[in-house]
Amino acid sequence: MGKKLGLVSAAIALLVAGVIGGMKFAGDNRGTVIGDSSRYRVETTGGALTRSVGGSGAGAVHEVRNGDSIQAAVAVAQSGDVIKIFPGMYHETVYIDKDDIVLSGVVIDDAWPVMEGASKLNDAVLYSGNDITVENLQIQHYKGNAIMGQAGNNFLIRNNRIIDTGVYGIFPEFGTNGLVTHNVLSGIEDAAIYVGMCDNIHVSHNEVFNNVAGIEIENSRHSIVESNYAHDNTGGILVFITPGLPIKTTFDTIVRNNFIVNNNTPNFGIPGSTVAGIPAGTGILNMAGDQTTIEGNIITGNQVIGILITDHMNAPNVTLDPDADPNSDEISILDNMMWNNGYNTIPEITALKTLELVDGDVQILNIGNSSNSCILDHDKYVTVGLKDFGTCGFTTTAAVTTYLLEEPAERREIAAEDMGKRAYYGVCAGCHSYSIKMVGPPTQIIQALYADNPQGIVDYITSPTKKRDDYPEMPPQNYLSEEVRMAAAQFMLQVKK
Amino acid sequence: MSKARSSRRYLAGVVALALCVPVPADTSIELRDYCPPGFELTDANACELRTLYQNYDSLRHAGVGGPKTGLPEARDGFSPQQVDLGRYLFFDPLLSGDNSVSCASCHHPDLGFTDGRPRSVGIGGAEVNRAAPSLWNVAFLNTFFWDARASSLEEQMQGPLYAANEMGTSPVQLLADITANDTYLRLFRDAYPGSKGAPTLGQIYTAIAAFQTSLVSLNSRYDQYAHGFHDALTEPEKAGMNVFRSFVARCAECHTPPLFTNRQIAVIGVQEPNGRAFDPGAETVNENPGLRGGFKVPSLRNVAQTAPYMHSGTFATLREAAEFYTLGRGHALPDEEKTRVSVHWHIWEPNLSNDELDRLVDFLGTLSDERFKPHIPEAVPSGLLPIGTLPEALTTRLSQSN
């Protein structure tokens, strides 16, 4: 795999230059205390992790049984409803473009509801709504993802069995405040759990194995990855800034108390994907992510390296992005249980080791500039490239339970006037100007007709009739909700220019 | 626009040109004191954008996400008079070196603000290297040109205005032409009431940017779906939407709602048409070999109106453009580029079926909305035929209807 080897070849040139120049790797920064717990800590009030995520379940229950369509139930469901999926085989893509829906499998006598893609269907569950729960499903043999979120906030994805669902298993994207917990995923060509461009995420108690990447946090902030079992993947847990994406940062990630074991599976990533360059045998890989804290993990049996910190310049398959900081800064490696990593490493790491005159299998490697980073105990493990790291000024992240929000994200109230104004100018004004005849009659004339009667406007625009010979018939505006129609009518009656 | 009207204007222009009569100042042109549709006039005489998308947030205010996601920050706040002055400038061939073409010759409202050509044609029939991009929703963009080399509309427009093979004027000629025209002097005074002296280049650029940023398209049937009216789309269109946003086709990863672009540069490895030389695109601008062959991800709003497709018109139809993405990573690159072009990681082999490609085209058609299409002025201050040279696609249409 030529791509793997590319990972550190550039680093050798860098290192050689550093050694010859006598600058970059000459010093040892262990005497400097760097970072303290306040750097990573937020005030949380505790309580259940699920307090602000998932559907309310306050509405009706829809039962879906073998032979029924899950999507048909979603289509009639209202916000607050629960869709119970009974054991059986379901061959479909389910998409949820509404808020507050619970998609809940029912397991009876070990029989699961199974979503079967038969290697033909693209994704199993796509959601864009806020407050979505997806739980208790077995999802297998899809081409794209098992569960993909696009912009939904406050998601809860738990207790799912996901097998060979293509590129990703669970992939929330553009979401704030989400919990991914107690899922078991295997056979994924990229990351089994992939958090992309999200904020305030908690990934815990999942088992991920036989994937290219176990868990990936990418271009996301305020994430905790804890108590997961990542084994027999190509790489266990990744924290990335991927360049070229519209959201450019990754910071404040805590990776703690995970089992990261024997991640030596040959890389079967899709050619061209970033993970296709991961050496088989990588425990934790941090690429350009900032403020990553690694604590309390059990990292064993990863043949290439236990923990690898790199910048973009030394990573394969990466195009530099001037708007994304390429360095991994403010990394904190606290106490972790590590042994038997790096025992069968790649030649590039062996070469780096030789350059630093290090003996033994390398457990932790840093390539590239990493400012304000620290390790709690410089002497405990064999490391390379960590001489600039100071000694951490804190020992634990225990003060932070979660970065999930206390209240769900985006429950904002929109004032009726704003709603009406946006609808009036954003939609109505295409045909109605205040005093000019456009496609429809001027607003002034409508105001005279419907003074103090916004309901009259709502009724008319919901199902218009042709009223005037000199104007075309108005198309119905029933695609706007009743609330928006009323707000627009009220605004229209009081607009003054 | 009715064909009869445009042909009448066309004839009138031919007569005026043939007689070469100097045109007296047109006192009938007055700047509007009201905002274009989609904008609220504030007490400060500024037009501010209003859209239902302002009811939603977006993660880190990046303006990317799903259906109910806020847009990127828009450029707005110009006065009604500046917008309307920009409209006259936009359609006035006075802005070209030989008075033959206007901005609208390549960005025509009836062709989705493009020209229907694979690559644009400037004065004297000179061919340009790339296609005219649509101007719909440019208010939300932060880079301009296919290779993203400009960071504002004002910076961008100086490219075509002064390029010898595009509009072919010069800053000196442009200012001279404007200041020699009494109507423009009056309109600039109306649009910039606090300013003393003759019009400036900056005022010209501002007015054109004001008009361009008024071209807002956010009322498609897709938008009705996005706001919650799920009957706005047919079942085939919904199926297409799910292919579009699936992680197999991955269209939405770069053409991300609500703007249907993530405003990044992507290297997709499309071939040039007809054996043209490989275009290095953004590599040259950024001196970044990783961006060789990279171009700005275009918005797909009103994409059904803007054939042909890609930066130099490689594909005649949306179906062909969609099919490109399922033919394999780098399949279309010339051999000598295969090893040095870093194709975007989302370009892979999704093995989309013919049915899925058809559904994608169905869905792309739901992104059409020209409700706020501006009116082409009946006359422009120069007295020249508004627009000047029409895109060939429209003259062909006209001759066919006659």
Side-chain angles (χ1 to χ4, degrees), chain A residues 75 93 95 97-98 122-123 126 128-130 143-145 148-152 166-168 171 173-176 197-199 244-247 270-274 317-320 322 410 412 414 418-419 421-427 429-431 433-436 438 478-481 484 497, chain B residues 34 37-41 49-60 62-69 218-219 224-232 238 242-243 245-250 252 256-257 262-267 286 288 290-291 329 342-345 347-348 350-351 371-372:
Chain A
T93 292
Y95 57 99
D97 292 315
K98 41 183 89 171
N122 292 336
D123 303 302
L126 279 169
S128 72
N130 297 320
K143 287 170 66 182
N145 299 317
M148 181 176 192
Q150 289 173 344
V167 189
Y168 302 115
F171 177 20
E173 190 176 35
F174 301 120
T176 297
M197 292 187 269
C198 290
D199 281 342
L245 293 173
I247 293 172
I270 304 151
S273 65
T274 310
N317 297 352
V318 162
T319 294
L320 290 178
E410 183 157 334
R412 58 178 187 164
I414 295 160
D418 286 336
M419 180 91 79
K421 182 185 281 192
R422 289 163 187 165
Y424 173 76
Y425 288 109
V427 180
C431 298
S433 153
Y434 183 66
S435 54
I436 313 284
M438 292 175 68
N478 57 340
Y479 58 89
L480 299 170
S481 70
V484 173
K497 59 186 175 190
Chain B
Y34 55 94
F39 293 81
E40 177 182 11
L41 182 61
L49 180 72
R50 303 287 176 241
T51 158
L52 290 172
Y53 282 101
Q54 288 162 345
N55 291 340
Y56 315 128
D57 286 331
S58 75
L59 191 81
R60 315 213 57 93
V64 279
K68 289 191 177 178
T69 294
L218 297 169
N219 285 311
Q224 297 179 2
Y225 181 94
H227 296 311
F229 182 66
H230 291 182
D231 291 339
K238 288 181 196 172
N242 286 332
V243 176
R245 62 184 172 175
S246 76
F247 213 76
V248 175
R250 306 190 190 178
T256 315
N262 65 358
R263 306 190 300 170
Q264 304 296 304
I265 293 167
V267 182
N286 297 280
N288 184 344
L291 294 179
R329 186 179 160 76
S342 308
V343 177
H344 197 281
W345 65 92
I347 304 294
W348 68 314
N351 297 318
R371 195 180 296 198
F372 293 175

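Note that this is a predicted model, so its numbers are computed, not measured. Note on naming: letters A, B, ... go to the chains in the order of the sequence lines (proteins, then strands), and numbering restarts at 1 for each one.
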**Q** To the nearest 0.5 Å, what is the distance between CD (B:Gln224) and OH (A:Tyr479)?
**A**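 It is 5.0 Å, given to the nearest 0.5 Å.
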
**Q** Do you know which of A:Gly244, A:Gly149, A:Ala423, A:Gly166 has the most heavy-atom pairs with chain B at a distance under 4.5 angstrom?
**A**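 Maximum pair count with chain B is reached by A:Gly244.
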
**Q** Are the side chain of B:Lys68 and the backbone of A:Gly129 linked by a donor-acceptor contact shorter than 3.5 Å?
**A**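 Not confirmed, B:Lys68 side chain does not pair with A:Gly129 backbone.
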
**Q** Using a 4.5 angstrom heavy-atom cutoff, name the option from A:Asp418, A:Thr274, A:Thr176, A:Asn478 with the most pairs to chain B.
**A**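 Highest number of heavy-atom pairs under 4.5 Å: A:Asn478.
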
**Q** At their closest point, which heavy atom of A:Arg422 faces which heavy atom of B:Gln54, and how far apart are they?
**A**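 Heavy atoms of A:Arg422 and B:Gln54 come nearest at NH1-O, 3.1 Å.
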
**Q** Would you mind telling me which of B:Leu52, B:Asn286, B:Thr69, B:Val243 has the largest number of heavy-atom pairs within less than 4.5 Å of chain A?
**A**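 Among the listed options, the one with the most contacts to chain A is B:Leu52.
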
**Q** Considering only heavy atoms, which portion of B:Leu291 lies under 4.5 Å from any heavy atom of chain A: side chain, backbone, both, or neither?
**A**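 B:Leu291 touches chain A through backbone and side-chain heavy atoms alike.
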
**Q** Can you see which heavy atom on A:Thr319 is nearest to which on B:Ser342, and at what distance?
**A**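 Minimum heavy-atom separation between A:Thr319 and B:Ser342: OG1-CB, 4.0 Å.
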
**Q** Just wondering, do A:Leu480 and B:His227 contact through their side chains at under 4.5 Å, heavy atoms?
**A**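 The answer is no, as the side chains (C-beta and beyond) never meet within the 4.5 Å cut-off.
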
**Q** Tell me, out of B:Ala232, B:Gly228, B:Ser246, who's got the most heavy-atom pairs with chain A below 4.5 Å.
**A**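 Most heavy-atom pairs within the cutoff with chain A belong to B:Ser246.
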
**Q** Check whether B:Phe39 gets within reach of chain A through its side chain, its backbone, both or neither, counting any heavy atom under 4.5 Å.
**A**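 Answer is backbone: N, CA, C or O of B:Phe39 sit under 4.5 Å from chain A.
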
**Q** Given heavy-atom pairs under 4.5 angstrom as the criterion, report whether the side chain, backbone, both or neither of B:Pro350 touches chain A.
**A**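 Answer is backbone: N, CA, C or O of B:Pro350 sit under 4.5 Å from chain A.
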
**Q** Chain A heavy atoms under 4.5 Å from B:Asn262: which part of the residue, side chain, backbone, both or neither?
**A**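 It is both, since atoms from each part get that close.
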
**Q** To check you understand the geometry: which heavy-atom pair defines the closest contact between B:Pro67 and A:Ser128, and what is its length?
**A**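 Looking at all heavy atoms of both residues, the closest pair is CD-CB, 3.3 Å.
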
**Q** Pick whichever of A:Pro322, A:Ser481, A:Pro246, A:Gly426 has the most heavy-atom pairs under 4.5 Å with chain B.
**A**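 Result: the option with the highest number of such pairs is A:Pro246.
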
**Q** What part of A:Leu245 is in contact with chain B, defined as an atom under 4.5 angstrom from a non-hydrogen atom: side chain, backbone, both or neither?
**A**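 Both parts, heavy atoms under 4.5 Å.
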
**Q** Is B:Arg329 in contact with chain A via its backbone, its side chain, both, or neither, using a 4.5 Å heavy-atom distance?
**A**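 Just its side chain gets close to chain A.
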
**Q** Heavy-atom distances under 4.5 Å only: say whether B:Val343 touches chain A with side chain, backbone, both or neither.
**A**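 For B:Val343, neither part sits under 4.5 Å from chain A.
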
**Q** By a 4.5 Å heavy-atom criterion (distance strictly below it), what part of A:Val484 contacts chain B: side chain, backbone, both, or neither?
**A**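 When you check distances to chain B, only side chain atoms of A:Val484 fall under 4.5 Å.
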
**Q** Tell me, for B:Leu218 versus chain A, whether the close heavy atoms (under 4.5 Å) come from the side chain, the backbone, both or neither.
**A**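 When you check distances to chain A, no heavy atom of B:Leu218 falls under 4.5 Å.
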
**Q** Less than 4.5 Å to any heavy atom of chain B: does that hold for the side chain of A:Lys497, its backbone, both, or neither?
**A**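 Interface part for A:Lys497: side chain.
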
**Q** Could you tell me the separation between the OH atom of B:Tyr34 and the OG atom of A:Ser435, rounded to the nearest 0.5 Å?
**A**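 Reported to 0.5 Å precision, the distance equals 8.0 Å.
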
**Q** Quick check: closest heavy atoms across A:Lys143 and B:Asn351, and the distance to 0.1 Å?
**A**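 Heavy atoms of A:Lys143 and B:Asn351 come nearest at NZ-O, 3.4 Å.
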
**Q** Just wondering, do A:Tyr168 and B:Phe247 contact through their side chains at under 4.5 Å, heavy atoms?
**A**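 Answer yes - side chains close enough.
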
**Q** Are the side chains of B:Leu59 and A:Asp199 in touch, meaning some heavy atoms are under 4.5 Å apart?
**A**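 The answer is yes; the side chains approach within 4.5 Å.
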
**Q** Pick whichever of B:Gly38, B:Ala266, B:Ser58 has the most heavy-atom pairs under 4.5 Å with chain A.
**A**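 The residue among B:Gly38, B:Ala266, B:Ser58 with the greatest pair count is B:Gly38.
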
**Q** Is B:Asn242 close to chain A through its backbone or its side chain, or both, or neither, when contacts mean heavy atoms under 4.5 Å?
**A**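 Interface part for B:Asn242: both.
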
**Q** Under a 4.5 Å heavy-atom cut-off, does chain A meet the side chain of B:Arg245, its backbone, both or neither?
**A**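 Both backbone and side chain.
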
**Q** Report yes if some heavy atom in the side chain of A:Asp97 is under 4.5 Å from a heavy atom in the side chain of B:Tyr225; otherwise report no.
**A**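 Yes, their side chains come closer than 4.5 Å.
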
**Q** At their closest point, which heavy atom of A:Ile414 faces which heavy atom of B:Asn55, and how far apart are they?
**A**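 Answer, listing the atom of A:Ile414 first, then B:Asn55: CD1-O, 3.3 Å.
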
**Q** Can you tell which part of B:Asp231 gets under 4.5 Å to a heavy atom of chain A, answering side chain, backbone, both or neither?
**A**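 Neither part.
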
**Q** With a 4.5 angstrom heavy-atom cut-off, which part of A:Tyr434 approaches chain B: side chain, backbone, both or neither?
**A**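 Neither the backbone nor the side chain of A:Tyr434 comes within 4.5 Å of chain B.
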
**Q** If you tally heavy-atom pairs under 4.5 Å against chain A, which of B:Ala226, B:Gly63, B:Pro37, B:Ala252 wins?
**A**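 Of the candidates given, the most pairs with chain A belong to B:Pro37.
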
**Q** Are the side chain of B:Arg60 and the backbone of A:Ile247 linked by a donor-acceptor contact shorter than 3.5 Å?
**A**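 Here the side-chain-to-backbone pair does not exist.
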
**Q** Chain B: which of A:Thr93, A:Ile270, A:Val167 shares the most heavy-atom pairs with it under 4.5 Å?
**A**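 Counting heavy-atom pairs under 4.5 Å, the top option is A:Val167.
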
